[in-house]
Structure formats: C-alpha cells, structure tokens
Amino acid sequence: MLQLQFIKERTEEVIERLKIKNVADIEQRISEILKLDEQRRALQQQSDAVKAEQNTIAKEVGMLFKQGKRDEAEVLKARTAELKAKEKELGEQSSAIEEELNAQLISLPNAPHISVPKGKSEADNVVVDEFGQKPELFEGALPHWDLCAKYDIVDFELGNKITGAGFPVYKGKGARLQRALINFFLNEAANAGYIEIQPPLMVNEASGLGTGQLPDKEGQMYTIPLDGLYLIPTAEVPITNIYRNVLLQSSDVFPIKHVGYSECFRREAGSYGKDVRGLNRLHEFSKVEIVVVEHPDRSYDMLEEMKAHVGSLLQKLQLPYHILKLCGGDISFTSAMTFDFEVWSAAQQRWLEVSSVSNFETFQSNRMKLRFKDSDGRTKLAHTLNGSALALPRIMAALLENNQTENGIRIPAALVPYMGCETID
RNA sequence: GGAAAGUUGGCGGAGUGGUCGAACGCGGCGGUCUUGAAAACCGUUGACCUUCACGGGUCCGGGGGUUCGAAUCCCUCACUUUCCGCCA
C-alpha cells in the first residue's frame, strides 16, 4: 500500500499518478484518507494525554502505598476510574477510525510511475522493443497441442484423469525439456548474480498479505482451509516474504538478488476458450522467478537490468519476442511500472506472455515493513522488484511450434547440453 | 497426535507486580593511549507513533484479560526445544 506520509506530502502527484490507473473518484478517496488521518491523530493525542496522566497517578499511588498513606492513595485510585473510562472510549473511536483508514489505504492501488502510458486495456499497451524474426512454418505445421500428442511429450488427457483440466502430465522428452529449461534459467540467473532460493510452495496468510495477493486476489489462489495455508501462485510470494518485517542494517546490502524455481498454482477462474488451449494457461505450471530488493534511488536502473536479463534468455533460446510497456489500465494493482515480454507462437499466430517484470517501489515493502538504514542514518522503506525468468509452458509452446520440422522438433543450441539431444522426434 | 519446558534489545543472558525500555557480557560506534594496530580504560549504542519544539505515548513472541500499576499474574494462539508416537 501507499505510504500515508507520501500521500500527505505529495497529494497532487499521487492523484495525478493514480489517474493513470483510471481509479474512480480518486480526489474524493484521497481527501477522505487525509481526513481520517487527521481525526486519528487528534484522537491519539487526546488518548496519549489521558494515558500520561494515568501513568503519573500509578506512580504516585505506588509511592503513597509505600509510605503507608492509604487514604490518599484511594482518592487517586478513584480518579483513574474516570480516566480509564475515557481512555476506553477514545481507544474505541480511534481504532474504528484506524480500521477504516487502513481499509481505505489497503484498497488503494499502487501509483503508477509518471511515465506509464494512459490507457484502458491491453490494447493500449506500448511496444517498446522487438527482437528476432517470426519464422515461416512449412505446410502442415501443427499447433503445440497437436505436437504434444504426436511426439507423446505432454499428455493433457492423463492430467484430466489424475487431477483435472489444466494439470498436464509431461512425459519422456517433454519432461526432460521442462527440466532442461528450469536448469538453464537457474544457471543463467546464477551467472547474472542472483542467489538461488528453493522456497516452500505453501504460504500463510501474512505472506499473502505482504506481497498483495491477499485480499486482492484471494479467489485466484488454491487454499488449504484446514491449515490456513495457500498454494503459491508464484515464487514471488515466499521469496519476497523472506524480507517481511526485516530492518536491513545498512544500504550496502543492495541490491539483494534472488532467483527461485517453483511450481505455481492458479485457479484462473473465468478463463476460457483459446486462452486455455494446450499449454496456454494452466492451473499448475513451472516458473523461474527473479526477485530483487533495491535502494529506492536505483530501483529503475535495476528494472532495466532485469529486463535485459529476461531478454537475453529469450535471445539464447532464439525466440522472437517483443516488450510491452503496460498502460495504466492493464498494469497490476501492486505495480508502479511493468514490462511484459511476449513470444511469438508461430502456429497459433499469436503472442504469448512469458514474463512480466515490475517495480513495486514501496508498495510491497510498506505492507511487509521491509526497511533499511540509509547512509544518512534514517530508516526507509526499500523497493522491491520481480520478474519471470521465465514461465515454462508458453516458452515450451513457442519452442515446439517455431522449431518444428518434418523430421521432428529442433532444440536450440543453448538447451542442447541440458537436453542431451538435438531433436524431439 | 500426546507430554513437558521455553520465547526478553544485533547476539548471549538477568529480571515473578511499582524505582524496568529493561542488569551484565559480547558485538557496533566515538574517544584516551599508540608511529600505527592490538590490549586497557572512558563514553555511547533498539524500533515505532505523535509534536514546530519541549515533551508525551506504544512495543519484553502475537492477541485478549486481571490490577491504581504487568516483562513479571491469568486466558488464548503461534513458534522453538526435549521425550513418546508416526514417518519420506
């Protein structure tokens, strides 16, 4: 969530930036927040004064008892009864207002960076970079779901039987390709200085709140009510939450760069049609995620560095891609700036999103209380960023389709050492 | 799953109703001494809210309660350790 202090000090800017996200009635919502904050502070001052008097009396009572002046002590005790009643009343008012204030703050999305383009939907996203050539496929080329069946490498029917739709079974060289991609992505990240993390695949409620999946996207996560746990929708959640309630003792630790592979679980309620065909959208999929904690002054440089890393992976896999700068209407609730990477799926003749790289500025760190001591001695909120590097199924879909030949599917050179073969046939 | 004991500041560890935001040690920072360093000695050293400021308030695992007053007593939850059970 946005920092109250930031809203107070730079009200106009916050409103302008939130307008990029098309937040309705934003002026009203902000002024309501500022009003609640004023009320809260006034109440707290009153309540603090009452508590101060109570503390003084309590000390006096103690001394009087020691001196044996019981009668005088009793008089003071009577006074505290009044104070207690008053404090209780003030406390109730104050916590009601605080609750309301908190609810309003937490329901307010992150303010997009001022350079984020305005727009209503994905149609308004801006292509900022392109790489590679769309391949010309031969006559009779197949979409990846047919290739999966032809070479018996991904079995959707078997997944339906064992679990349900969206839980495919990878077999033979299909399973091998998954493992190759995971290792390739992890090694590339390690070479780029990311420290590998293998996180739990289930998280508690506090972690869900920390990165913003809760309460916003509760319906998108699989839950285990009996134990109060959630299956992670991305490794971002457990990895970023490593730093929940952490006060870093120096700014020398930046940047903190992590990479983690995990299975990701998403209910994807409401999805249908061509979007969920084959590997396009699954309930369980593998993803390698990069997560960075960075100094506020350098987070946008880091965003560029992460973009470059993701781009290098796609180039090594020889997949044609473009980069979109998401517009205000398409950017996520928690993000200040997001770039989407889409690869060309030659048989489907469509772009598939394979990575989303975002800077959250202090939105997550404010919720998580992720702070650091800056060189000026002040305690500040760190910036968090993350990106997919990369999500497997759509990479696999594009690889299969783009590299198909009459004699099988060609494995890109960078993956051959991991696959142990040059073709799937 | 059953039983017991625990959870205190960056770390270790005192503290069973008031003078405790908390002894003491280590670590960190500043200084004296030294050509420099070490040792020794002296000083200093948590976070948060609020106030222009002085100041005030909150925090001893989380939440609730008893009391004029809670790190200390009670309830509850979480976690840790040990024993038993189960087990990749």
Side-chain angles (χ1 to χ4, degrees), chain A residues 1-9 33-102 104-106 198-210 214 223-230 238 241-254 256 263 362 365-382:
Chain A
M1 62 187 181
L2 291 171
Q3 294 174 81
L4 190 54
Q5 199 191 356
F6 180 64
I7 296 175
K8 268 157 65 176
E9 284 172 4
I33 284 169
L34 293 175
K35 201 176 89 195
L36 284 168
D37 176 54
E38 232 166 82
Q39 292 173 355
R40 197 205 98 239
R41 290 205 324 268
L43 280 168
Q44 200 202 320
Q45 280 174 46
Q46 290 178 48
S47 150
D48 280 0
V50 173
K51 278 180 183 163
E53 191 178 346
Q54 281 180 310
N55 287 343
T56 313
I57 290 179
K59 275 183 186 152
E60 284 173 22
V61 169
M63 295 213 299
L64 290 172
F65 268 122
K66 275 197 175 154
Q67 294 165 9
K69 297 177 181 169
R70 293 195 158 265
D71 295 346
E72 289 179 43
E74 290 303 326
V75 174
L76 284 178
K77 276 169 85 166
R79 168 73 179 146
T80 56
E82 288 171 42
L83 291 174
K84 266 190 147 171
K86 197 168 172 189
E87 195 216 321
K88 194 177 174 208
E89 193 192 320
L90 286 169
E92 276 165 8
Q93 285 179 34
S94 154
S95 56
I97 284 181
E98 203 161 322
E99 208 171 292
E100 175 61 23
L101 177 62
N102 209 39
Q104 297 224 15
L105 277 173
I106 213 155
Q198 188 173 8
L201 303 185
M202 297 182 198
V203 293
N204 57 27
E205 188 180 1
S207 294
L209 287 167
L214 293 174
T223 62
I224 297 117
L226 193 59
D227 299 292
L229 297 174
Y230 299 82
N241 273 283
I242 291 172
Y243 297 97
R244 172 155 46 84
N245 280 323
V246 166
L247 175 57
L248 300 162
Q249 290 301 312
S250 150
S251 57
D252 298 342
V253 297
F254 296 128
I256 299 172
E263 288 298 291
T362 59
S365 57
N366 192 29
R367 285 195 184 190
M368 285 195 299
K369 299 266 172 294
L370 162 50
R371 297 163 303 161
F372 71 101
K373 273 208 197 326
D374 206 352
S375 46
D376 61 11
R378 300 175 69 94
T379 304
K380 299 175 184 171
L381 292 170

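Both backbone and side-chain heavy atoms feed into the values below; hydrogens, waters and symmetry mates do not. Reminder, nothing fancy here: chain letters follow the sequence lines and each chain counts from 1.
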Q) What pairs with A:E82 under salt bridge (charged side-chain N to carboxylate O under 4.0 Å, His left out), at least two apart in sequence or on another chain? A) A:R79
Q | Neighbours of RNA chain B within residues 33-50 of chain A, by heavy-atom distance under 4.0 Å | A | A:R40, A:R41, A:Q44, A:Q45, A:D48
(Q) What contact category does A:K369 fall into here, base, sugar-phosphate, or nothing, at under 4.0 angstrom with non-hydrogen atoms? (A) nothing
**Q.** P gap between B:G31 and B:A23, integer Å
**A.** 25 Å
Q: Please report the closest heavy-atom contact between A:R367 and A:G210, naming both atoms and the distance.
A: CB-O, 3.7 Å
Q. Can you list the residues that meet the side chain to side chain contact (heavy atoms under 4.5 Å, CB included) rule with A:T56, with sequence neighbours excluded?
A. A:E60
Q) Hey, which of A:I33, A:L36, A:N366 is the one that makes side chain to side chain contact (heavy atoms under 4.5 Å, CB included) with A:L4? A) A:I33
Q | Pairwise P distance, B:C73 and B:G2 [rounded to whole Å] | A | 25 Å
Q. Can you list every salt bridge (charged side-chain N to carboxylate O under 4.0 Å, His left out) pair that touches residues 41-50 of chain A, not counting sequence neighbours?
A. A:D37-A:R41
Q | Euclidean distance for P, B:C79 against B:A71 (whole angstrom) | A | 25 Å
Q) Contact boundaries of RNA chain B with chain A (under 4.0 Å, heavy atoms), 5' to 3'? A) B:G18 to B:G69
Q) What residues, two or more places apart in sequence or in another chain, satisfy ring pair (Phe, Tyr, Trp, His ring centres under 6.0 Å) together with A:Y243? A) A:H258
Q. Between B:G28 and B:C48, how far is it from one P atom to the other, in whole Å?
A. 23 Å
(Q) Treating A:S365 as the side-chain partner and A:A382 as the backbone partner, does any N or O pair qualify as donor plus acceptor under 3.5 Å? (A) yes
Q) For A:D71, does the CG atom sit with more than 12 other heavy atoms under 6.0 Å from it, leaving out its own atoms? A) no
Q) What distance, rounded to whole Å, do you find between the two C1' atoms, one in B:C77 and one in B:C84? A) 24 Å
Q) More than 12 non-hydrogen atoms from neighbouring residues, nucleotides or ligands closer than 6.0 Å to CD on A:Q249, yes or no? A) yes
**Q.** Spacing of the P atoms in B:C24 and B:C20 (rounded, Å)
**A.** 12 Å
Q: Please tell me which of A:M63 and A:L247 maps to the more 5' nucleotide of RNA chain B, matching each residue to the nucleotide holding its nearest heavy atom.
A: A:M63
Q. When you compare B:U67 with B:G17, how far apart are their C1' atoms, in angstrom units rounded to a whole number?
A. 9 Å
Q) NZ of A:K86: more than 12 outside heavy atoms within 6.0 angstrom? A) no
Q. Sequence neighbours excluded, which residues qualify as side chain to side chain contact (heavy atoms under 4.5 Å, CB included) partners of A:E99?
A. none
(Q) Say we look at B:A40 and B:G46: how far apart would their C1' atoms be, to the nearest angstrom? (A) 28 Å
Q. Does anything in residues 76-90 of chain A reach RNA chain B, meaning a heavy atom under 4.0 Å, and if so which residues?
A. A:K77, A:T80, A:K84
Q | RNA chain B contacts among residues 51-62 of chain A, heavy-atom distance under 4.0 Å | A | A:K51, A:A52, A:N55, A:A58, A:V61, A:G62
Q) With pairs taken as Watson-Crick or G-U wobble and both distances under 3.5 angstrom, which stems of at least three consecutive pairs involve RNA chain B? A) B:1-7 with B:78-84, B:10-12 with B:24-26, B:27-32 with B:40-45, B:46-50 with B:55-59, B:61-65 with B:73-77
Q. Which residues satisfy the salt bridge (charged side-chain N to carboxylate O under 4.0 Å, His left out) test with A:E74, sequence neighbours excluded?
A. A:K77
Q: Tell me, with the steps shown, if A:L64 and A:L76 meet side-chain contact (heavy atoms from CB on, under 4.5 Å).
A: CA-CA 10 Å; A:L64 290 172; A:L76 284 178; 3.7 Å; yes
Could you go through residues 87-94 of chain A and list every donor-acceptor pair under 3.5 Å that involves a side-chain atom there, pairing it with any protein atom two or more places apart or in another chain?
residue	atom	partner	partner atom	Å
A:E89	OE2	A:Q93	NE2	3.4

Q: Would you mind reporting whether A:Y230 and A:M202 have side-chain heavy atoms less than 4.5 Å apart?
A: no
Q: Test side-chain contact (heavy atoms from CB on, under 4.5 Å) on A:V61 and A:T80 and set out the steps.
A: CA-CA 10 Å; A:V61 169; A:T80 56; 5.9 Å; no
